[in-house]
Amino acid sequence: MSSVAVTTLSLLVACVLTKTSCQVPTRYCLPNGDVVPDVDALNASYKCAELNPRDYILPRIDPGQVGDTTEIRLVPGRTHRRITTGVLPPLFQVPEFLTPEECAYLIDLAKRHGVAPATMTGKNGTIIKKTGGRTRTGYTSFIRADSDPVLYNIQQRISMLTEMPFDLLEESESFQFGMYPTGGHYHSHYDSSDGQPEDLEKKPCCHQIHLPHTPNRCVLCRYITVLMYLNDVVKGGETAFPLADQLGQSLLEEHIDLSAYCQQSSVVVRPEKGKAIMWYNNIRDPETGWIGPVDRYALHGGCDVIEGQKWISNVWISAPQHNRKYDNSVYAVRWT
Ligand code: OGA
Ligand code: FE2
(Lines give C-alpha, C1' and ligand atoms only; values in the text may rest on other atoms or scores of the structure.)
(Ligands and ions follow the chains in the order given, each with its own letter.)
Protein backbone atom coordinates (compact mmCIF):
# COMPACT_ATOMS: atom_id res chain seq x y z
CA MET A 1 0.00 0.00 0.00
CA SER A 2 1.27 3.46 -0.79
CA SER A 3 1.96 5.82 2.09
CA VAL A 4 -0.87 8.09 0.92
CA ALA A 5 -3.27 5.17 1.13
CA VAL A 6 -2.00 4.23 4.59
CA THR A 7 -2.40 7.81 5.81
CA THR A 8 -5.88 8.05 4.38
CA LEU A 9 -6.83 4.71 5.86
CA SER A 10 -5.58 5.62 9.31
CA LEU A 11 -7.43 8.91 9.15
CA LEU A 12 -10.56 7.11 8.16
CA VAL A 13 -10.18 4.68 11.06
CA ALA A 14 -9.67 7.65 13.39
CA CYS A 15 -12.80 9.28 11.97
CA VAL A 16 -14.88 6.22 12.50
CA LEU A 17 -13.51 5.66 15.98
CA THR A 18 -14.10 9.19 17.19
CA LYS A 19 -17.21 9.84 15.12
CA THR A 20 -16.32 13.49 15.24
CA SER A 21 -15.28 16.04 12.73
CA CYS A 22 -12.96 18.94 13.28
CA GLN A 23 -10.86 17.05 15.78
CA VAL A 24 -7.16 16.62 15.55
CA PRO A 25 -6.09 14.48 13.78
CA THR A 26 -9.54 14.09 12.30
CA ARG A 27 -10.28 17.67 11.45
CA TYR A 28 -10.66 16.73 7.82
CA CYS A 29 -13.55 14.39 8.44
CA LEU A 30 -17.12 14.91 7.48
CA PRO A 31 -19.77 13.93 10.01
CA ASN A 32 -20.37 10.71 8.09
CA GLY A 33 -16.74 9.74 8.59
CA ASP A 34 -15.58 10.49 5.05
CA VAL A 35 -12.16 12.00 4.84
CA VAL A 36 -11.69 15.31 3.10
CA PRO A 37 -8.19 14.78 1.69
CA ASP A 38 -7.38 18.41 1.06
CA VAL A 39 -9.18 20.90 3.19
CA ASP A 40 -8.02 23.81 1.02
CA ALA A 41 -9.80 22.27 -1.91
CA LEU A 42 -13.09 23.08 -0.31
CA ASN A 43 -14.61 26.35 -1.31
CA ALA A 44 -13.68 29.59 0.36
CA SER A 45 -16.73 29.74 2.56
CA TYR A 46 -15.69 26.48 4.21
CA LYS A 47 -16.00 26.52 7.92
CA CYS A 48 -14.99 23.51 9.88
CA ALA A 49 -17.85 23.98 12.26
CA GLU A 50 -20.31 23.61 9.45
CA LEU A 51 -19.05 20.11 8.95
CA ASN A 52 -19.63 19.50 12.60
CA PRO A 53 -23.35 19.67 13.16
CA ARG A 54 -22.95 20.52 16.83
CA ASP A 55 -26.15 18.67 17.34
CA TYR A 56 -25.16 17.73 20.84
CA ILE A 57 -25.73 19.49 24.13
CA LEU A 58 -22.69 20.64 26.08
CA PRO A 59 -21.16 17.77 28.01
CA ARG A 60 -21.45 18.11 31.76
CA ILE A 61 -20.04 15.59 34.20
CA ASP A 62 -22.41 14.56 36.96
CA PRO A 63 -20.57 15.24 40.21
CA GLY A 64 -22.56 12.76 42.32
CA GLN A 65 -21.71 13.52 45.93
CA VAL A 66 -18.76 15.14 47.61
CA GLY A 67 -16.08 12.49 48.09
CA ASP A 68 -17.18 10.34 45.15
CA THR A 69 -14.13 9.07 43.31
CA THR A 70 -14.10 7.86 39.73
CA GLU A 71 -11.20 6.13 38.01
CA ILE A 72 -10.57 7.74 34.65
CA ARG A 73 -8.18 6.90 31.83
CA LEU A 74 -6.33 9.88 30.45
CA VAL A 75 -2.94 8.53 29.46
CA PRO A 76 -1.75 5.08 28.41
CA GLY A 77 -0.66 2.76 31.17
CA ARG A 78 -2.25 4.34 34.20
CA THR A 79 -5.48 5.61 35.67
CA HIS A 80 -6.26 8.86 37.43
CA ARG A 81 -8.74 9.59 40.20
CA ARG A 82 -11.41 12.24 39.69
CA ILE A 83 -12.64 13.26 43.13
CA THR A 84 -15.83 15.26 43.59
CA THR A 85 -15.09 18.23 45.83
CA GLY A 86 -18.23 20.25 45.20
CA VAL A 87 -21.67 19.73 43.72
CA LEU A 88 -22.75 23.38 43.45
CA PRO A 89 -20.91 24.11 41.22
CA PRO A 90 -19.66 20.68 40.12
CA LEU A 91 -16.01 20.77 41.21
CA PHE A 92 -13.44 17.99 40.85
CA GLN A 93 -9.83 17.35 41.81
CA VAL A 94 -7.49 15.12 39.83
CA PRO A 95 -4.23 14.40 41.65
CA GLU A 96 -1.13 13.91 39.49
CA PHE A 97 -2.89 15.14 36.37
CA LEU A 98 0.53 16.43 35.29
CA THR A 99 3.80 14.60 35.88
CA PRO A 100 6.55 16.35 37.87
CA GLU A 101 8.52 16.58 34.60
CA GLU A 102 5.63 18.34 32.89
CA CYS A 103 5.31 20.76 35.81
CA ALA A 104 9.01 21.62 35.65
CA TYR A 105 8.81 22.00 31.89
CA LEU A 106 5.78 24.30 32.10
CA ILE A 107 7.31 26.57 34.74
CA ASP A 108 10.41 26.84 32.60
CA LEU A 109 8.31 27.54 29.50
CA ALA A 110 6.39 30.28 31.32
CA LYS A 111 9.64 31.80 32.60
CA ARG A 112 11.14 31.79 29.11
CA HIS A 113 7.98 33.34 27.78
CA GLY A 114 8.12 35.96 30.49
CA VAL A 115 5.42 36.47 33.05
CA ALA A 116 4.24 40.05 33.43
CA PRO A 117 2.37 41.68 36.33
CA ALA A 118 -1.24 40.50 36.23
CA THR A 119 -3.78 43.04 35.19
CA MET A 120 -7.29 43.18 36.47
CA THR A 121 -9.41 44.27 33.57
CA GLY A 122 -12.54 44.76 35.61
CA LYS A 123 -14.51 42.58 33.27
CA ASN A 124 -15.66 40.48 36.17
CA GLY A 125 -17.90 43.23 37.41
CA THR A 126 -17.87 45.71 40.18
CA ILE A 127 -17.99 43.58 43.30
CA ILE A 128 -14.33 42.73 43.23
CA LYS A 129 -13.35 46.34 43.16
CA LYS A 130 -14.89 47.00 46.56
CA THR A 131 -12.12 45.20 48.41
CA GLY A 132 -10.07 48.31 48.88
CA GLY A 133 -6.69 46.62 48.57
CA ARG A 134 -5.46 45.11 45.36
CA THR A 135 -7.74 42.50 43.87
CA ARG A 136 -4.99 40.50 42.33
CA THR A 137 -1.28 40.45 42.91
CA GLY A 138 0.83 38.24 40.73
CA TYR A 139 2.16 37.65 37.24
CA THR A 140 0.59 36.11 34.16
CA SER A 141 1.23 35.20 30.55
CA PHE A 142 -0.64 33.37 27.79
CA ILE A 143 0.87 30.65 25.59
CA ARG A 144 -0.93 28.99 22.69
CA ALA A 145 -1.35 25.24 23.04
CA ASP A 146 -0.39 24.60 19.43
CA SER A 147 2.94 26.39 19.88
CA ASP A 148 4.40 23.62 22.01
CA PRO A 149 4.10 19.81 21.82
CA VAL A 150 3.85 19.35 25.60
CA LEU A 151 1.07 21.92 25.86
CA TYR A 152 -0.70 20.35 22.92
CA ASN A 153 -0.57 16.95 24.58
CA ILE A 154 -1.97 18.38 27.82
CA GLN A 155 -4.71 20.13 25.86
CA GLN A 156 -5.81 16.75 24.52
CA ARG A 157 -5.72 15.30 28.05
CA ILE A 158 -7.94 18.19 29.19
CA SER A 159 -10.38 17.36 26.43
CA MET A 160 -10.59 13.82 27.82
CA LEU A 161 -10.80 14.97 31.43
CA THR A 162 -13.62 17.40 30.76
CA GLU A 163 -15.27 15.23 28.08
CA MET A 164 -15.42 18.36 25.93
CA PRO A 165 -15.00 18.05 22.14
CA PHE A 166 -11.51 19.01 21.04
CA ASP A 167 -12.73 21.67 18.64
CA LEU A 168 -14.19 23.64 21.57
CA LEU A 169 -10.75 23.54 23.17
CA GLU A 170 -9.18 24.78 19.97
CA GLU A 171 -11.65 27.63 19.99
CA SER A 172 -10.75 28.62 23.55
CA GLU A 173 -8.11 30.92 24.92
CA SER A 174 -4.44 30.03 25.21
CA PHE A 175 -3.05 28.42 28.35
CA GLN A 176 -2.69 31.08 30.98
CA PHE A 177 0.29 30.87 33.32
CA GLY A 178 0.29 32.60 36.65
CA MET A 179 2.86 33.12 39.36
CA TYR A 180 2.07 34.49 42.78
CA PRO A 181 4.99 35.65 44.92
CA THR A 182 4.78 35.49 48.72
CA GLY A 183 1.84 37.69 49.67
CA GLY A 184 0.23 37.22 46.23
CA HIS A 185 -3.46 36.45 45.97
CA TYR A 186 -6.50 36.81 43.76
CA HIS A 187 -9.66 37.86 45.55
CA SER A 188 -12.97 36.17 44.82
CA HIS A 189 -14.30 36.55 41.30
CA TYR A 190 -16.04 34.72 38.48
CA ASP A 191 -14.06 33.54 35.47
CA SER A 192 -17.08 34.13 33.22
CA SER A 193 -19.00 37.39 33.03
CA ASP A 194 -21.78 37.69 35.53
CA GLY A 195 -24.71 40.04 35.13
CA GLN A 196 -28.34 39.93 34.19
CA PRO A 197 -29.19 36.86 32.10
CA GLU A 198 -31.07 39.05 29.58
CA ASP A 199 -27.95 41.19 29.05
CA LEU A 200 -25.77 38.15 28.70
CA GLU A 201 -27.98 36.71 26.00
CA LYS A 202 -27.87 39.91 24.00
CA LYS A 203 -24.10 40.16 23.90
CA PRO A 204 -21.84 37.79 21.98
CA CYS A 205 -19.15 35.80 23.74
CA CYS A 206 -15.77 37.56 23.80
CA HIS A 207 -14.04 34.59 22.14
CA GLN A 208 -16.24 35.12 19.12
CA ILE A 209 -15.66 38.80 18.51
CA HIS A 210 -12.56 40.64 17.50
CA LEU A 211 -10.83 43.05 19.80
CA PRO A 212 -11.29 45.34 21.62
CA HIS A 213 -12.94 43.29 24.33
CA THR A 214 -14.53 46.16 26.13
CA PRO A 215 -16.78 44.85 28.89
CA ASN A 216 -19.78 46.42 27.25
CA ARG A 217 -19.41 44.62 23.97
CA CYS A 218 -19.08 40.99 24.93
CA VAL A 219 -19.33 38.48 27.74
CA LEU A 220 -16.76 35.93 28.84
CA CYS A 221 -18.17 32.47 28.17
CA ARG A 222 -15.71 30.30 30.09
CA TYR A 223 -17.93 27.30 30.66
CA ILE A 224 -15.19 25.32 32.43
CA THR A 225 -12.01 26.23 34.26
CA VAL A 226 -9.21 23.68 34.51
CA LEU A 227 -6.62 24.97 36.95
CA MET A 228 -3.34 23.09 37.26
CA TYR A 229 -0.93 23.58 40.14
CA LEU A 230 2.64 23.48 38.89
CA ASN A 231 4.46 23.43 42.23
CA ASP A 232 4.01 22.75 45.91
CA VAL A 233 3.49 25.98 47.82
CA VAL A 234 5.36 26.07 51.13
CA LYS A 235 2.39 27.68 52.91
CA GLY A 236 -0.93 29.15 51.77
CA GLY A 237 -2.02 29.70 48.18
CA GLU A 238 -5.19 27.63 48.44
CA THR A 239 -7.99 28.04 45.93
CA ALA A 240 -11.13 28.99 47.86
CA PHE A 241 -14.80 28.78 46.86
CA PRO A 242 -16.72 30.82 49.44
CA LEU A 243 -20.18 29.94 48.11
CA ALA A 244 -19.66 26.37 46.93
CA ASP A 245 -22.41 24.05 48.13
CA GLN A 246 -23.95 26.86 50.18
CA LEU A 247 -27.44 26.60 48.74
CA GLY A 248 -29.37 29.84 49.20
CA GLN A 249 -26.42 31.75 50.60
CA SER A 250 -26.20 35.23 49.17
CA LEU A 251 -22.99 36.88 48.17
CA LEU A 252 -21.65 38.99 51.01
CA GLU A 253 -18.87 41.54 51.03
CA GLU A 254 -16.82 39.34 53.34
CA HIS A 255 -16.70 36.52 50.79
CA ILE A 256 -14.59 38.64 48.48
CA ASP A 257 -11.49 39.43 50.49
CA LEU A 258 -9.73 36.10 50.58
CA SER A 259 -6.83 37.46 52.61
CA ALA A 260 -9.38 37.56 55.43
CA TYR A 261 -11.94 34.93 54.44
CA CYS A 262 -9.89 32.10 52.89
CA GLN A 263 -10.15 29.44 55.58
CA GLN A 264 -13.83 30.14 56.28
CA SER A 265 -14.75 29.37 52.68
CA SER A 266 -16.93 26.31 52.29
CA VAL A 267 -14.47 24.66 49.91
CA VAL A 268 -10.72 25.23 50.17
CA VAL A 269 -8.40 23.32 47.84
CA ARG A 270 -4.75 22.92 48.72
CA PRO A 271 -2.30 23.49 45.88
CA GLU A 272 -0.34 20.34 45.10
CA LYS A 273 2.20 19.94 42.35
CA GLY A 274 0.61 18.31 39.29
CA LYS A 275 -2.94 18.38 40.64
CA ALA A 276 -5.71 19.76 38.43
CA ILE A 277 -9.03 21.06 39.58
CA MET A 278 -11.95 21.69 37.27
CA TRP A 279 -15.32 23.31 37.73
CA TYR A 280 -18.20 24.75 35.72
CA ASN A 281 -18.46 28.53 35.77
CA ASN A 282 -21.77 28.59 33.96
CA ILE A 283 -24.90 26.61 34.16
CA ARG A 284 -25.98 24.68 31.10
CA ASP A 285 -29.09 26.30 29.67
CA PRO A 286 -31.84 23.77 30.34
CA GLU A 287 -33.64 24.65 27.12
CA THR A 288 -30.82 24.84 24.62
CA GLY A 289 -28.19 22.64 26.28
CA TRP A 290 -25.55 25.27 25.50
CA ILE A 291 -23.95 27.87 27.73
CA GLY A 292 -26.22 29.60 30.22
CA PRO A 293 -25.67 32.33 32.84
CA VAL A 294 -22.81 32.28 35.29
CA ASP A 295 -23.32 29.93 38.23
CA ARG A 296 -23.18 32.23 41.22
CA TYR A 297 -21.83 29.39 43.38
CA ALA A 298 -18.71 29.29 41.16
CA LEU A 299 -17.24 32.33 42.94
CA HIS A 300 -13.60 31.57 43.75
CA GLY A 301 -10.12 32.99 44.13
CA GLY A 302 -6.57 32.35 45.23
CA CYS A 303 -5.71 32.82 48.91
CA ASP A 304 -2.56 34.59 50.10
CA VAL A 305 0.67 32.77 49.44
CA ILE A 306 2.13 32.86 52.94
CA GLU A 307 5.49 31.30 52.17
CA GLY A 308 7.15 30.46 48.86
CA GLN A 309 5.78 30.99 45.36
CA LYS A 310 2.77 29.57 43.60
CA TRP A 311 2.75 28.64 39.92
CA ILE A 312 -0.47 27.73 38.14
CA SER A 313 -1.79 27.24 34.66
CA ASN A 314 -5.41 27.91 33.73
CA VAL A 315 -7.30 26.55 30.77
CA TRP A 316 -10.66 28.18 30.28
CA ILE A 317 -12.88 26.21 27.97
CA SER A 318 -15.24 28.58 26.25
CA ALA A 319 -18.53 27.47 24.82
CA PRO A 320 -20.78 29.46 22.53
CA GLN A 321 -24.35 30.43 23.16
CA HIS A 322 -26.83 28.24 21.37
CA ASN A 323 -27.82 30.85 18.78
CA ARG A 324 -24.17 31.54 17.94
CA LYS A 325 -22.77 28.05 18.10
CA TYR A 326 -21.38 28.18 14.55
CA ASP A 327 -19.79 31.62 14.87
CA ASN A 328 -16.05 31.86 14.44
CA SER A 329 -13.74 31.95 17.40
CA VAL A 330 -10.87 34.38 17.33
CA TYR A 331 -8.64 31.65 18.72
CA ALA A 332 -9.25 28.94 16.13
CA VAL A 333 -6.36 28.58 13.70
CA ARG A 334 -8.53 27.28 10.91
CA TRP A 335 -10.45 30.54 10.77
CA THR A 336 -7.56 32.95 10.98
C1 OGA B 1 -7.66 32.57 38.35
C2 OGA B 1 -7.93 31.98 39.69
C3 OGA B 1 -7.12 30.78 41.61
C4 OGA B 1 -5.85 30.34 42.23
O5 OGA B 1 -6.48 32.64 37.96
O6 OGA B 1 -8.64 32.95 37.67
O7 OGA B 1 -9.04 31.98 40.08
O8 OGA B 1 -5.86 29.48 43.12
N9 OGA B 1 -6.91 31.45 40.38
O10 OGA B 1 -4.78 30.85 41.84
FE1 FE2 C 1 -10.46 32.47 38.54
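Whatever order the structure lists them in is the order used to number ligands and atoms, beginning at 1. None of the values given here were measured: they were computed from a predicted structure.
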Are the side chain of [X] and the backbone of [Y] linked by a donor-acceptor contact shorter than 3.5 Å?
X	Y	result
Asn231	Lys273	no
Arg82	Leu161	no
Thr84	Gly67	no
Tyr180	Asp304	no

List ligand 1 atoms under 4.0 Å from [X], heavy atoms only on the residue side.
X	answer
Tyr186	1 (C), 2 (C), 5 (O), 6 (O)
Tyr180	3 (C), 4 (C), 9 (N), 10 (O)
His189	1 (C), 2 (C), 6 (O), 7 (O)
Asp191	6 (O)

Pair Trp316 and Phe175, ring centroids less than 6.0 Å apart: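 No - the distance between ring centres of Trp316 and Phe175 does not fall below the 6.0 Å cut-off.
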
Validation row, ring centre His189 to ring centre His187 under 6.0 Å: no

Nearest to the Fe ion (ligand 2) - the N/O/S atom of Asp191, by atom name: OD1

Ligand 1-proximal atoms of Leu227, by part, heavy-atom distance under 4.0 Å: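 Answer for Leu227: side chain.
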
Opening angle at the Fe ion (ligand 2) [NE2, His300; NE2, His189; to 10 degrees]: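 It comes to 100°.
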
Among all protein heavy atoms, pick the one closest to [atom] and tell me residue, atom and distance.
atom	result
atom 4 (C) of ligand 1	Lys310 NZ, 3.2 Å
atom 5 (O) of ligand 1	Asn314 ND2, 2.9 Å
atom 8 (O) of ligand 1	Thr239 OG1, 2.5 Å

Residue that, paired with Ser192, satisfies side-chain hydrogen bond (donor to acceptor under 3.5 Å, both in side chains) out of Asn282, Asn281, Asp295: Asn282

Full working for ring-ring contact (aromatic ring centres under 6.0 Å, His included) between Trp279 and His300: CA-CA 10 Å; Trp279 69 90; His300 67 279; 4.6 Å; yes

Any Tyr229 heavy atom less than 4.0 Å to ligand 1: no

